[in-house]
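One structure is given below, encoded as structure tokens.
Sequence lines set the chain letters: A, B, ... in the order given, protein chains first and strands last, and positions in each chain run from 1.
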Protein chains: 2
Amino acid sequence: MTTLVEVARAAGVTAATVSNVLRNRGKVGEETRQRVLEAVERLGYRPNLMARALVEGKPHTMALLVSSIANPFYPEFALEVERAARKLGYFLLVCNTNEDPAQERAYLDAIGGALAQGVIVMNADFVQLDALQDLRRRGVPVVLCMWERPQEPPPLPCVAVDLYQAGVLAAEHLLRLGHRRIGVVCGGEPGGNHRWRLRGFLDTLEQAGAALPPSCLRHGHDTIDGGRDAAHRLLAGGPGLTAVFATNDLPAVGVLQAAAELSLQVPGDLSVIGVTDIQLARQMRPPLSTVAMPTTEAAALAVQLLQSEIDASPDHVPPMRVTEAPRLVVRASTSAPRREGILGGADSGD
Amino acid sequence: MTTLVEVARAAGVTAATVSNVLRNRGKVGEETRQRVLEAVERLGYRPNLMARALVEGKPHTMALLVSSIANPFYPEFALEVERAARKLGYFLLVCNTNEDPAQERAYLDAIGGALAQGVIVMNADFVQLDALQDLRRRGVPVVLCMWERPQEPPPLPCVAVDLYQAGVLAAEHLLRLGHRRIGVVCGGEPGGNHRWRLRGFLDTLEQAGAALPPSCLRHGHDTIDGGRDAAHRLLAGGPGLTAVFATNDLPAVGVLQAAAELSLQVPGDLSVIGVTDIQLARQMRPPLSTVAMPTTEAAALAVQLLQSEIDASPDHVPPMRVTEAPRLVVRASTSAPRREGILGGADSGD
DNA sequence: CTGAAAGCGCTAACAT
DNA sequence: ATGTTAGCGCTTTCAG
């Protein structure tokens with residue numbers, strides 16, 4: 001590998017001068033400049049980023065910690081983050097823990113070891129807030145992304161999206177269409193990460209006088225298969241549902257599949273709506289109505305916030321940035337119920 | 001940030017000893033060892049990876065260069081690569097060029113500047129083999145991944161998958177089902193990356209005496225929309241096709257959508273088959289039959305090959321690793337034609 | 001078994 | 001305008 005001194009020697013100058021030329025630090029005569037540039041070109045010199053990082057006290061790298069290979073949302077989001085990070089001159093290191101705590105620890109240690117200047121951690125059920133707080137106390141900038149409840153901030157810098165509101169929007173949409181017998185598939189355990197979306201949905205229904213009976217709520221894994229299973233359990237209960245809200249797009253896709261397996265037309269027999277707006281949502285037939293998260297904005301905010309954490313003094317109250325509200329995206333998987341209670345009637349069942 | 005000397009001071013030893021303890025270089029008394037370990041723990045010390053990389057002459061990082069945010073195959077593949085790289089003790093830097101040559105250059109320069117120890121480049125139409133060869137000549141390990149034609153290796157180390165064979169398998173499958181009036185949607189320009197799959201498909205048809213007339217071949221972008229457009233053009237030609245081969249899953253999904261828009265039942269009216277087996281293929285209704293690429297193996301081979309390039313002397317003939325052959329995955333999007341030429345008849349049209 | 005010293009490639013004062 | 005010097009945090013001979 002060509003080094004600075006080799007270039008310097010080739011150009012008949014000293015290392016400092018070459019450095020100055022390369023960093024445009026002025027203070028260099030035009031003629032020398034040319035000679036240096038020519039030598040750089042001729043030798044194919046590329047500055048050693050490690051050395052530079054060491055002396056400057058910072059690698060030009062941000063890390064993104066994601067948990068799961070299975071959830072297509074993360075790659076989609078990662079690319080948004082990469083874009084935003086690049087604009088600020090950072091490289092993005094994608095750290096995929098695959099839900100393995102040991103792997104997560106290993107990555108956090110590496111980041112603590114200046115592998116990256118800071119880390120954006122995707123919020124998920126399993127994140128260890130304590131471990132992240134430790135890391136932050138040790139001086140490593142940490143940003144939690146996709147915190148779901150702006151009203152109750154975590155003890156860490158975070159980007160929050162109001163997902164209670166997402167539940168509200170989904171409920172309002174279904175109510176407006178005339179649905180009254182609605183089911184819910186919740187991704188994850190009760191009390192898990194999706195609880196705010198769920199609560200927003202349930203509260204809105206209740207306020208409309210259409211409170212959801214417990215039998216119409218099923219929990220399942222936050223995956224396509226989990227959604228399908230939960231939907232089968234839900235629909236087998238047979239209370240003549242005309243619509244299903246899934247707390248995430250992945251399980252919503254599972255609901256779509258379950259509907260197909262039960263020969264239910266979507267949206268004719270059953271309307272389905274999810275949350276997030278992953279690419280897959282658009283690609284389903286029928287395309288999935290959903291409440292879109294502002295992912296691009298969240299990614300940008302996360303990167304900005306991490307940057308300001310990097311610049312900030314180590315000890316300060318963890319700031320929070322809130323994205324714009326999620327917004328309803330109506331596609332073809334929701335419509336007015338074909339007839340009230342076609343699958344059991346409004347006044348049968350329960 | 002805590003440094004080695006601080007730990008050393010805290011433990012009443014010198015930096016070298018701490019280093020020895022941490023690297024398990026023996027030569028350390030048990031009692032000292034404990035004292036050091038305790039100090040490390042107490043101070044929350046993490047070795048600075050940049051410094052280590054600098055002195056060792058290598059960052060523990062591999063880079064993966066991908067071109068497109070839009071193609072879901074890349075994220076899927078990236079996570080496989082990350083996994084394989086991690087097993088060898090590397091971090092993975094995902095470099096997304098977004099098809100911007102300037103961005104690609106910037107990344108390659110950074111990698112040349114020891115940002116990563118080597119780079120895996122996804123083969124795509126636009127890759128500049130020259131630029132990569134330059135990089136390699138400058139001593140940066142480069143591996144080209146997903147080269148589609150093992151019989152004609154590129155001038156770079158590569159992982160090849162025999163995609164001619166993929167075309168053969170798709171053709172054999174359709175022929176075996178009894179299809180004779182078959183259409184093709186090719187992702188990308190004629191002469192582009194997909195030419196081998198296409199040729200394998202066409203050759204096989206021809207050998208079976210069912211050569212494909214030019215009117216039954218359409219080119220389009222290697223995307224869902226591109227596939228849908230091409231399928232519309234193809235099916236509007238109206239030669240009573242009973243099956244369509246798309247050279248990639250993404251356009252195959254587009255064909256599925258076009259079929260739905262034309263009220264064609266899949267597979268009853270039209271069988272559809274793709275190539276790759278991305279996750280989306282499983283998730284379509286009906287799930288897409290396809291010729292699966294050995295992506296996990298390809299990712300592992302690419303990482304291994306890059307490792308051996310890192311170890312190897314800089315000048316040697318570029319090696320090639322060939323994966324196992326692609327394999328047919330039959331799902332519900334292909335079946336025997338319902339009736340020969342239901343959409344025009346075997347002897348009408350043309 | 002432990003310490004001292006040199007140096008990885010680069011940058012940033014400070015001198016000249 | 002250019003050169004000299006010192007060090008970033010770590011590893012690694014080589015002495016003690």
Side-chain angles (χ1 to χ4, degrees), chain A residues 1-37 39-40 43-61 109-117 138-140, chain B residues 1-37 39-40 43-61 109-117 138-140:
Chain A
M1 205 190 29
T2 325
T3 74
L4 201 57
V5 276
E6 296 178 313
V7 175
R9 211 164 11 228
V13 294
T14 181
T17 304
V18 178
S19 179
N20 281 335
V21 170
L22 262 33
R23 312 295 301 257
N24 283 319
R25 285 216 167 288
K27 305 154 174 285
V28 178
E30 184 52 29
E31 188 248 357
T32 330
R33 214 182 102 79
Q34 285 311 326
R35 238 176 332 131
V36 169
L37 255 20
V40 165
L43 299 176
Y45 168 73
R46 296 291 176 279
N48 184 317
L49 268 19
M50 294 295 146
R52 194 175 268 183
L54 181 57
V55 60
E56 286 178 347
K58 56 194 175 196
H60 299 206
T61 307
D109 279 352
I111 294 162
L115 210 218
Q117 237 165 305
R138 255 196 264 117
V140 180
Chain B
M1 201 190 29
T2 324
T3 74
L4 200 56
V5 276
E6 295 177 317
V7 175
R9 206 156 25 217
V13 295
T14 183
T17 304
V18 178
S19 179
N20 281 334
V21 169
L22 263 32
R23 313 297 304 259
N24 283 319
R25 286 218 166 287
K27 306 153 173 281
V28 177
E30 184 52 27
E31 188 247 357
T32 329
R33 214 181 102 79
Q34 286 310 327
R35 237 177 331 131
V36 169
L37 255 21
V40 165
L43 299 177
Y45 168 74
R46 297 290 177 277
N48 183 317
L49 268 21
M50 293 295 144
R52 194 176 269 183
L54 181 58
V55 59
E56 286 177 348
K58 58 195 174 195
H60 299 207
T61 307
D109 279 352
I111 294 162
L115 211 217
Q117 238 166 307
R138 255 196 264 118
V140 180

Next item on the list: Walk along DNA chain C from 5' to 3' and tell me the first and last nucleotide with an atom closer than 4.0 Å to a non-hydrogen atom of chain B.
Entry: C:dC1 to C:dG9
Next item on the list: Rounded to the nearest 0.5 Å, what's the gap from NZ on B:Lys27 to CZ on B:Arg25? Could you check?
Entry: 8.5 Å
Check: Which whole-number value in Å describes the distance from B:Met50 CE to D:dG9 P?
Finding: 13 Å
Checklist line | For the student: nearest non-hydrogen atoms of B:Met50 and A:Met50, plus distance | finding: SD-SD, 3.4 Å
Check: Any side-chain heavy-atom pair from B:Thr3 and B:Asn48 closer than 4.5 angstrom?
Finding: no
Next item on the list: Could you point out which residue of B:Lys58, B:His60, B:Arg52 forms a side-chain hydrogen bond (donor to acceptor under 3.5 Å, both in side chains) with B:Glu56?
Entry: B:His60
N/O contacts under 3.5 Å, protein versus nucleotides 2-5 of chain D?
unit_1: D:dT2; atom_1: OP1; unit_2: A:Thr32; atom_2: OG1; d: 2.5
unit_1: D:dT2; atom_1: OP2; unit_2: A:Gly29; atom_2: N; d: 2.5
unit_1: D:dT2; atom_1: OP2; unit_2: A:Thr32; atom_2: OG1; d: 3.0
unit_1: D:dG3; atom_1: OP2; unit_2: A:Thr14; atom_2: N; d: 2.8
unit_1: D:dG3; atom_1: OP2; unit_2: A:Thr17; atom_2: OG1; d: 3.1

Notebook entry, point to check: Could you give the CZ-to-C1' distance, from A:Arg52 to D:dG7, as a whole number of Å?
Noted result: 17 Å
Notebook entry, point to check: Nearest-Å distance, NZ (A:Lys58) to C1' (D:dG9)?
Noted result: 17 Å
Check: Whole-Å distance between D:dC10 P and B:Arg46 CZ?
Finding: 12 Å
Next item on the list: For B:Arg35 and B:Ala11, indicate whether the former's side chain and the latter's backbone hold a donor-acceptor pair under 3.5 Å.
Entry: yes
Notebook entry, point to check: Taking all non-hydrogen atoms of both residues, which atom of B:Ala8 and which atom of B:Thr14 are closest, and how far apart?
Noted result: CB-C, 3.6 Å
Check: For the pair made of CD in A:Gln34 and C1' in D:dA1, what is the distance, rounded to whole Å?
Finding: 16 Å
Next item on the list: Let me know the distance between CD of B:Glu6 and P of D:dC8, rounded to the nearest Å.
Entry: 11 Å
Margin query: Would you compute the distance between atom OG1 of B:Thr61 and atom CG of B:Leu115 and round it to the nearest 0.5 angstrom?
Written below: 7.5 Å
Notebook entry, point to check: D:dG9 P sits how many Å from B:Leu43 CG, rounded?
Noted result: 15 Å
Next item on the list: Looking only at non-hydrogen atoms, find the nearest pair between B:Leu43 and B:Thr2 and report the distance.
Entry: O-OG1, 3.2 Å
